[in-house]
Amino acid sequence: MYPFSVDRNYVRDSWYVAALSSEVSDNPVDRRILGDLVLLYRDSNGDPVALSGLCPHRRLPLRLGKRVGDNVQCGYHGITFDTGGNCVSVPTQEKPSERLSLHKYPVAERWKWIWIWTGDPADADPNLIPDHREMGLEGDWEATPPEYYHVAARSQMLIENLLDLSHISFLHGDYIEDAAWYETPVTIERDGDRCVASRHTPSSRSSDFHRWMFPDAPDLVGQDLRTVFLGPALTYSGPVVREAAANGSNGRYLGTMYAAHAITPETPRSSHYFSTTTRDFRTDDAAMSEELHTMDIAVRNQDLVALAAIEAELHREDSLPPEVSVKADNPALYVRRMIEDRLRAQPA
Amino acid sequence: MYPFSVDRNYVRDSWYVAALSSEVSDNPVDRRILGDLVLLYRDSNGDPVALSGLCPHRRLPLRLGKRVGDNVQCGYHGITFDTGGNCVSVPTQEKPSERLSLHKYPVAERWKWIWIWTGDPADADPNLIPDHREMGLEGDWEATPPEYYHVAARSQMLIENLLDLSHISFLHGDYIEDAAWYETPVTIERDGDRCVASRHTPSSRSSDFHRWMFPDAPDLVGQDLRTVFLGPALTYSGPVVREAAANGSNGRYLGTMYAAHAITPETPRSSHYFSTTTRDFRTDDAAMSEELHTMDIAVRNQDLVALAAIEAELHREDSLPPEVSVKADNPALYVRRMIEDRLRAQPA
Amino acid sequence: MYPFSVDRNYVRDSWYVAALSSEVSDNPVDRRILGDLVLLYRDSNGDPVALSGLCPHRRLPLRLGKRVGDNVQCGYHGITFDTGGNCVSVPTQEKPSERLSLHKYPVAERWKWIWIWTGDPADADPNLIPDHREMGLEGDWEATPPEYYHVAARSQMLIENLLDLSHISFLHGDYIEDAAWYETPVTIERDGDRCVASRHTPSSRSSDFHRWMFPDAPDLVGQDLRTVFLGPALTYSGPVVREAAANGSNGRYLGTMYAAHAITPETPRSSHYFSTTTRDFRTDDAAMSEELHTMDIAVRNQDLVALAAIEAELHREDSLPPEVSVKADNPALYVRRMIEDRLRAQPA
Ligand code: FES
Ligand code: FES
Ligand code: FES
């Protein structure tokens, strides 16, 4: 399926954000993740639990069941499962059946997100969850409230959107316009499973957006507009801003603003999108935080509208004009190949 | 298609309930039955007529036509058919055409239901319609008003729902809870095309539901919880209640309550469901009838919600975890095989 | 696909009406035509422009872009195209890319309609657009305002609807009933790519509709009820009315009323329908024009309801009863073969 030439939809060996921490409570809810229903709730210690969301008996979605202590009782014939996914009771017989069990997803709560591992649980190494501090979370940066968006488009389009930030001045031009953000050539650097696309501009006129971020911004700024791809589940992006370089040395550091984008496939044609924006400057400025949050939501919705409009056309992929790429697509195409390699390496 | 391994959707050689008597009047309406549109109306004698619902000319649904005497005139080019489905007039030519005719479905009105035969009309023996009296209809039992439900699930799931009444205490636990109804082992008895699943409990504590049915119910009751499968079109189920057996003899008979469930496939993934609840005790108690009717509707809707939630997942059958059965599923699995045998025996 | 036995959906070598003139303005909009999104707007001279509606870069629908002078800038990464469909700017690089270009559809504005050519632009001969005067447009006849209808049915059904006007007295019997319009045998005459079906009635009782058209209509009229098929994109139809013939000579000419029907496939199962009704009598009678316009809309909607009801059944074409034709279907079947021949002749 576009944009891949391999017939697999999801990278399974990965941690993904399943939900905002605030979405998961004592009361089981479910969400479709990588095609499967996942039941999410918290046990009596407050720890998140993620289990297959379909009863293996007659496949009632367990969201229609009820919590019994820390266990979940199916709403159809009352078969009950513990937080490990083990069947602990079958009402019509004395003993539970071992054949009835739910897949238990490894989970981990980081910052305000609940991560799950969608591959073989034996491979679920929490150290594979990206360090949140590098994008300004779990440290002393300031972050906007975490938001959840449902996206009516395949996850790969969302990833590639982030790897070509030249779109900002056009799709989000109401909020941010900066010619340096598209005119400066983009470079790619790979480091293992991560990949950094950046536009380094030693000196350019500061934009309205810069002056909004840094009211004392000089006329000329130096910037590094970065997108850091950390795998199919997480990418962050944003500008590192300084005063323009002068006399061969870097100018004064002004600050960094990153948007963290956690992307989780829902179905082959839709996604979950969790995002927040962080900054290391004016961290106590509540008014700025609020304006930023409002802008975040507006900007994300512009992405959603555009990607859904493209997705709506992809249903007739066979009769579409072929996609034509330009130089600025190199980072996106690079990451596309990285993910395609992982899809190809997966057992069918 | 689940749960069958044969590629046929419907048992055709059967009578099915097409509609409530009250749904069919002078004014032709249609309903999709076993995949086909069926036009339903009453002739001037008040007798029900069931014809193929599509004009054979350019296939306009005949519900958009109009009644002319006892005939039906197509709303597009005016071709007219009599109650036998014969073409009696083609406006653009002097003579009607024999090649234009509608399939006429044999029909029979029993109790407050209109039955149709969906197989070869030559095989339509009215004696194959189940005797309604054995489930408390057309005799001196009391019955709640007949209700119609549209079910967004394949008919077989509705049939199997009824063959495992252990679900009652869980799915309908707001209304009926009785441990005897799931703890007692179920037995199956086959007699030709019919099959009876029953849970016989010589003595158990009477439940709130028993005390509601029989205000003078003793502390211990003996019950026989029965599901009688009469073919793909009709199943009835309910408890036969006595005082608990004592001294080796049966206790005093208290009464029987049956729910009759007429189930008619609409499409491979949806069904029509006609039901009523009958009883042979407190037959004059109008207040009880009304409470029972209210509860009926609530309980049926719980079934509808559960089955539709399962059906919604079956669209992606290939990627679902397999169904796992327990001992209590034996009657359902038995009936599943009976129906699969009938499907397999049908011409392709 | 029904009613063709060839696996091609659209006759591509044709002019089709894309839009009403009034629908196309400075502000680009799109419409799906023969399966493809087409962007429509007017340049600064007011001339209509029709371009492929998807950006070739990442295939954002260009309706989400914006007009920059006479050019269109894509709303995603700002790539810009001129009215010829040529890429004139790629923001991330100095030079535009020749590989990025939009299909430019030849267009022509006639009467109040914008026509586009959906085949190879090299073959777009404006002389192939039917002469509008023969159906009473672009001359001194009077025409009702042009209307647009979306039809939830394949275009061929709309064409065939017009080639069997016997449907008028039945589907539109609320407005027009005239036995001569179905009882008179229909004849077909082919002349190159056009085909005329007509019912010539030397003398028949004038109908309510005749008397509404011609308040002084005599009791007996002679009429020629014609459908002129000019290709898959355009058909017109209506009665030519005289006083009844007497003494072997034609009676006095009363007038002609034609409905022009421009039909454009949207998808294999839906269509665009542009229509107007013309007349060469009482051309100054504004009250009559208004009544006719009101009736037009009502009559078209009756067609829409009927055709959509048929289309809804065709989704399960395999299990439908076969279509049965009568003599009056000859013109429709004749035209069906003409179109099928054109489909078959097209490169796959
Ligand atoms: S479907 Fe869950 S217990 Fe039966
Ligand atoms: S479709 Fe019924 S008469 Fe033509
Ligand atoms: S999709 Fe149009 S410029 Fe990228």
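These numbers were taken from a predicted model, which means no experiment stands behind them. Each chain gets a letter, A, B and so on, in the order its sequence line appears, and its residues count up from 1.
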- Task: Look at the side chain of A:Arg99 and the backbone N and O of B:Val326, then say whether any donor-acceptor pair between them is shorter than 3.5 Å.
- Result: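 Checking the backbone N and O of B:Val326 against the side chain of A:Arg99, no donor-acceptor pair under 3.5 Å is found.
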With a 4.5 Å heavy-atom cut-off, do B:Phe170 and A:Pro91 have their side chains touching? yes
Problem - Within-4.5 Å side-chain heavy-atom neighbours: A:Arg59 and B:Leu314 - result: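 They are in contact (side-chain heavy atoms under 4.5 Å apart), so the answer is yes.
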[X] [atom1]: over 12 foreign heavy atoms closer than 6.0 Å:
X        : atom1 : result
A:Glu323 : CD    : yes
A:Lys66  : NZ    : no
A:Asp125 : CG    : yes
A:Asn45  : CG    : yes

If I measure from the heavy atoms of chain A, does [X] come under 4.5 Å with its side chain, its backbone, both, or neither?
X        : value
B:Pro322 : backbone
B:Leu307 : side chain
B:Asn161 : both

Interchain contact, A:Glu94 with chain B, by part (heavy-atom threshold 4.5 Å):
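For A:Glu94, neither part sits under 4.5 Å from chain B.
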Practice task
Identify which part of A:Leu60 has an atom lying under 4.5 Å from any heavy atom of chain B, answering side chain, backbone, both or neither.
Solution key: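 For A:Leu60, heavy atoms of backbone and side chain both lie under 4.5 Å from chain B.
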What are the two closest heavy atoms between [X] and [Y], and how far apart are they?
X        : Y       : value
B:Ser166 : A:Thr92 : CB-CG2, 3.3 Å
B:Ser325 : A:Arg58 : OG-NH2, 2.9 Å
B:Glu313 : A:Pro61 : CG-CG, 4.3 Å
B:Ala309 : A:Leu64 : CB-CD1, 3.6 Å

> Is the distance between the ring centroids of B:His167 and A:Tyr76 less than 6.0 Å?
Replying inline: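 Yes, the ring of B:His167 comes within the 6.0 Å limit of the ring of A:Tyr76, centre to centre.
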From the list B:Thr184, B:Leu171, B:Asp329, B:Ile168, the residue making the most non-hydrogen contacts under 4.5 Å with chain A is B:Asp329
Are a donor atom and an acceptor atom from the side chains of B:Arg316 and A:Thr267 found within less than 3.5 Å of each other?
->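 There is no such pair between these side chains.
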